[in-house]
Amino acid sequence: MSRVGWIRLAIVLGAVGLLELLCQTGVIKTMTMIPPSRMAVELWKMAESGKLGAPVAKTLSNVLAAFVLSVALGFIAGLLIHSLPRFRRALDPLLASYYAVPFFVFYPVLIVIFGMSDLPIIIIGFLFGVVAMIINTLNGLDRIPPVLLKVGRMNRMGSLQTALLIKLPSAAPYLFTGVKLAVAYSFIGVIASEFILSGAGIGYDIAYAYNNFDNRTMYALMLFILTTVTAVNMALYIWEQRMLKRRMGGR
Amino acid sequence: MPAAPKTMRETHASVAGVTRIFPAVGGQPPVHALGPLDLDLAKGEFFAVVGPSGCGKSTLLEVLAGLSAPTEGTVTFEGRPVAGQVPDGVGVVFQEDASFPWLTVWDNVAFGLRRAGFEAAEIKRRVDYAVGFMGLADFAQAYPAQLSGGMRQRVCIARTLVLQPRLILLDEPFGALDQQTRLLMGDELLRLWRETGATVLLITHALDEAAMLSDRVGAMSARPGRFIDLVETGWPRDRDSRIVSDESFGRLTGHLWSLLREESMKASGHKR
Amino acid sequence: MPAAPKTMRETHASVAGVTRIFPAVGGQPPVHALGPLDLDLAKGEFFAVVGPSGCGKSTLLEVLAGLSAPTEGTVTFEGRPVAGQVPDGVGVVFQEDASFPWLTVWDNVAFGLRRAGFEAAEIKRRVDYAVGFMGLADFAQAYPAQLSGGMRQRVCIARTLVLQPRLILLDEPFGALDQQTRLLMGDELLRLWRETGATVLLITHALDEAAMLSDRVGAMSARPGRFIDLVETGWPRDRDSRIVSDESFGRLTGHLWSLLREESMKASGHKR
Amino acid sequence: MSASAVDKAAAAKPANPALRRWMDFILLIAGLVGVWYGLHLWAGDVALTSPYATVAKLIQLMGQAWFWPHVGETLLALFYSLLIASVGGLGLGTLLGIHRLSGQIAEPILVALYALPKITLYPLILLIFGLGLSAKVAFGAIHGIIPVTIFALNAVRNIKPVYLKTARVMRLTPLQAMRTVWVPAALPEIVSGQRIGFALTLLGVLLGEMFASQQGLGFLIINAIGLNDVPTIMALALLLALFAVTVSSLLLALDRKLHARS
Amino acid sequence: SPAAQADQISVTHWGVLMYGAPYAVALEKGFFKESGIEVDGILTSKGGGTTVRNVLAGGLPYGEVSLAAAVAAAKEGLDIKIVNTGAASVYDILWVAPKGSEIKSVKDLAGKKVAFTSPKSVTEMVLLMSLAAGGVDVKKVDRISTGGIGSGLTAMTQGGVVAAPILDPIWSRESDKYQPVFFAKDLLPLMTQTVGITTSEFAKSSPEKLKAIIEGRRKGVDFLYANPEEAGKLFAKAYKIDEALGIRAVKNMIDVKYWGRGDLDLKAMDNMVEGLRIIGEVEGPMDWSKLVDKSFLPDDLKS
Ligand SMILES: Nc1ncnc2c1ncn2[C@@H]1O[C@H](COP(=O)(O)OP(=O)(O)OP(=O)(O)O)[C@@H](O)[C@H]1O
Ligand SMILES: Nc1ncnc2c1ncn2[C@@H]1O[C@H](COP(=O)(O)OP(=O)(O)OP(=O)(O)O)[C@@H](O)[C@H]1O
Ligand SMILES: [Mg+2]
Ligand SMILES: [Mg+2]
């Protein structure tokens, strides 16, 4: 790991250590927050007892579905919108303000359209993620140097070949930003829906533990989400750095 | 300057009555970038284009390659009209860096061959040769970002040349190189041209480069670009950069310089 | 070549025993970019630096300007050591486009004068003159994005020159211009230099430019850059681009060319 | 010949591009309303009221005296949280951008925190800030501050080094350099960040109001959800969308103006 | 903590469900002031533990919360006291089916999909107990959590479930769209739904304020029973709903003696805990003595 990586790790560990200290010495009361070590122990116990399996499977599969949908459809929608500049210009103000509208108020509509299943929640996660993907796809397509597309034409390539062999790799760094955001928003969308709309999944379990004053379960689950999100992010980050290093020559 | 027997040679590519006008965008007026202009390139000819910045040289190249349609006029390559598509047998090296940053040098050079469906063995043979020829052998597995600007330009040249085009269009291919390296590359371009017998159109800013490399130099006016003179150099086919010491070389560049001095002052909006 | 009586002139700026080594970052080894190297610039001298790409020319300029500290050695300007700060009286035109995109051409040129606290009337006088002088009068209220690369470079030159620096450091100031315009700009730079009596250090890729403009040309080796030769041109102070037709001009460039041919082949990694 | 071609090209130019853009926008909105109407026909009033009924409900709401204090409450909370998110994010992002090492260290941490569903932090916020305005403001601010920070960080980090060198050659004081070079150079990206930050801060404030409050649009929405009052839910969602689009368009216009220069 | 205004109390589902009606009346009629306390606002929340947390986080630590949440909080060691009763029954809850559906009674639910709001909520408990009381095998009914009343009704309209729970005042507003399947009041015993809680600390430091709140609410309840028409109007005004609707909802509740006057009926509370046991919320016996404090009740209700 690089020097930066070590410093970062040290800072994170330091923060966790400080929290542990504050909780252990009672500066932060147990009713407010349990020490990180307890969270880990509780999480481990839940995992061992098998209580974790079902909600985790449900939430993660929903997140995964929302994520895959956002990335795939976001890329395709980005390609389409990019080829319609007038439509795009009109759409622009809507794209950025989109996040201000609380989607879950449309949950009943989604039930009507998709029925009583996991689908409405997946769709909410998808709705959160897809716009980030579209925005970044457009960004990436904008930044493809026109000369690369000319090379495609010089080699007499069709539009599908051009999309896959030139546009996709050329826009990849921007698409990556979109992918990272899509991960974040899929998590946020799915878990927030579970939290607010209840039903099942980790978000629901957190809301439930919260309602029952079960701080141990609540914090254990929050720890689980935090570590999962961080792990996924870190994996993406490392992958991205590797790609960028190659492309930027370490600059 | 002895005139080469141009009319006796077969026409390979030509533009006739071509203009190119970029339509208005935003609040800006349309830009009349080129022409009207006529040009016949003889088969196997090495033609150089010089002209002030922004006069439409790259625009001419794009029209000739079929990358953009002329507003008026016709373009012909090997007897057939060029319309909307790059014809087979035409290779272009662009002014900007067009190397693919996500591919290694080797894969960049192999790109066109793969698209054209060559066999793996043939691709390997041609790419290995071209990479070595361009002095990139040590960097075959490097990515463009690890190369200097000049080396990247050489990747693009190699990527085009491995396809063995019959008409080679080069837009400032040595722009990223220092003057010394430019001359060396020029010599190699000449050798290649001699070996393959391809027709070459070379756009350049450097008058000495144009004068040294080509059979004929077209000097363009400020925008909208038209040819104000077509100068035959009369060099033998078998030449290299040592020509610069030839006495007629100085006269040639002097002539070009006086032609373009006025035009370039117009183009750069200088002291008006 | 008649040697100018250099030793009789007063030293204006100098570097002594200077090296510059970029420390290792990431997995990469440290880069020894420059030196060890000595140079004395006489007051009012026009000094040109040529050398292969990546040899450390820009690095030398930054060290001389006080923008980066040398790893070893000392830098002096007007008798005082230069350390960590750009001394008053030094002006720099950078290799990259340094025009501020958020200011109009006029405001760009006025930028330094405003910061230095000149009076409005004086600022207006100087900026109007410089903008006109640089052929930018029609574009005074335009933003850099609306200008060509060459015009932007002229904005940067004007922005530096209005401050009337006593030492002018120019890093490829004509890089974005076509060869013809370069020569015209060169003539104007010469006129300015004559009028103000400033000391000039000009970095350039173009050997003819170096030979034509300067009193003395420093030819640098491949990285780590050192001077392999310092050539006095012996031109009169009152000269312009017509010098190129002088017979000794050819000899001069020929000499520089042979000096650098080897070096530039080393630097560009060509055919190794 | 060529002169006539120029004329032709000029004639093809539409009369007024700004007008055309407005037409495009209105067409798009009309399309969206059409989709909405279609969904309404499909799903029925139980799930989705018609565009007309929604607008009528919104106008009716806006005619009520009790409605405006709720709007005021939300705007007040939004104002404070935007202040924290924009100014705080800008300051933090700028510092992290200037100090490269801390920027490199902090960015992945920020991104990971950003991806954490902030709704799960609500219990914690409540414990720390108690009920009322401060909790809402805190909730809004934590939604908005990270994107603003990340954008500002990248904006500052990506300032071309040659601008900073120019500032040094001009011998600017740190304050002068900040005011006349750093800020204007980074401004376009900063405004982009503020756009996203605005939308997310608004969302955060609304979410905060949904949990514990007796005032604000979020409160009205959660109440309407509880009462299954679909027309009110829809009318409020419409109001929020209109508000967000308006602010976003203004920022976008600024954004375009700034980006056009560079 | 930087507390909100000190003169607000929390009522679960204020502005949404009927628990708030006595407070609406008491506020409007000035009963709290009469009893010696300034209350100028009611904080709402989604119910359950959220309301309890709000009580603990807010300035004036009194709130009406579901008994289930109060029990859960006490089990986790939160320092609270139950000081009076709010809603004395769960008789406001009923299940409905679309107009004209074949589902007409609890027996018809066997083998069908039935909605409740969320796992371990009062609606789940009432559904389970009602099925048992109606002699339907619980295992034969496919119970579906829809997340809320609104989405349950939507799901039912779309055919996702055959019946869904509904409460006043939504029921009063939409009764023409649906037909009742069963009412909790017809199947279940008296079960305390909500209680007033406070912190032990506040109980010690400000008994007068508590007494005043309880007294003020009780006057509100008395007024509701005595003047349904006027009370309905006041309630409608506070909840920003139609007047006729408000009156109708209030009358519906009066019919089932929904609001308690404050007296703590341990039997009815035990019934509720029994229900909680069924859905697995509570294990073991409940010891009310530590949790319940009757000393703030008006003398006539202390028995
Ligand atoms: N897409 C376009 N839209 C509008 N104007 C354009 C476009 N492309 C080029 N132009 C204009 O057309 C003119 C000719 O451009 P072109 O690129 O052909 O010049 P050039 O001779 O190649 O210049 P350089 O030597 O700088 O490469 C220029 O004035 C340019 O501004
Ligand atoms: N910040 C840096 N870190 C590491 N190496 C650097 C850095 N800046 C420059 N170098 C290296 O130092 C050497 C000299 O660079 P410099 O920019 O001075 O070259 P130059 O002579 O100006 O080249 P050119 O003619 O291409 O402008 C190069 O090999 C370059 O890769
Ligand atoms: Mg060009
Ligand atoms: Mg340099």
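Naming convention: chains lettered A, B, ... in sequence-line order (proteins, then strands); numbering from 1 in each chain. Just so it is clear, the structure is predicted and the values come from calculations on it, not from any experiment.
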Quick one: does NZ or CZ of C:Arg114 land under 6.0 Å from the six-membered ring centre of C:Phe118, within 45 degrees of the ring axis?
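Relative to the ring axis of C:Phe118, which defines the angle, C:Arg114 lies outside at least one limit.
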
With a 4.5 angstrom heavy-atom cut-off, is it the side chain or the backbone of [X] that approaches chain D, or both, or neither?
X	answer
C:Gln95	neither
C:Thr160	neither
C:Ala65	neither
C:Val92	both

Go through the atoms of [X] and report whether side chain, backbone, both or neither lie under 4.5 Å from a heavy atom of chain C.
X	answer
D:Ala185	both
D:Arg171	side chain
D:Thr180	both

Result for side-chain hydrogen bond (donor to acceptor under 3.5 Å, both in side chains) between C:His12 and one of C:Thr76, C:Asp40, C:Thr199 points to C:Thr199

Salt-bridge test for [X] and [Y]: reply yes if a basic N is under 4.0 Å from a carboxylate O, no otherwise.
X	Y	value
D:Lys136	D:Glu209	yes
C:Arg166	C:Glu78	yes
D:Lys165	C:Glu62	yes

Is the ring centre of C:Phe111 less than 6.0 Å from the ring centre of C:Trp106?
no

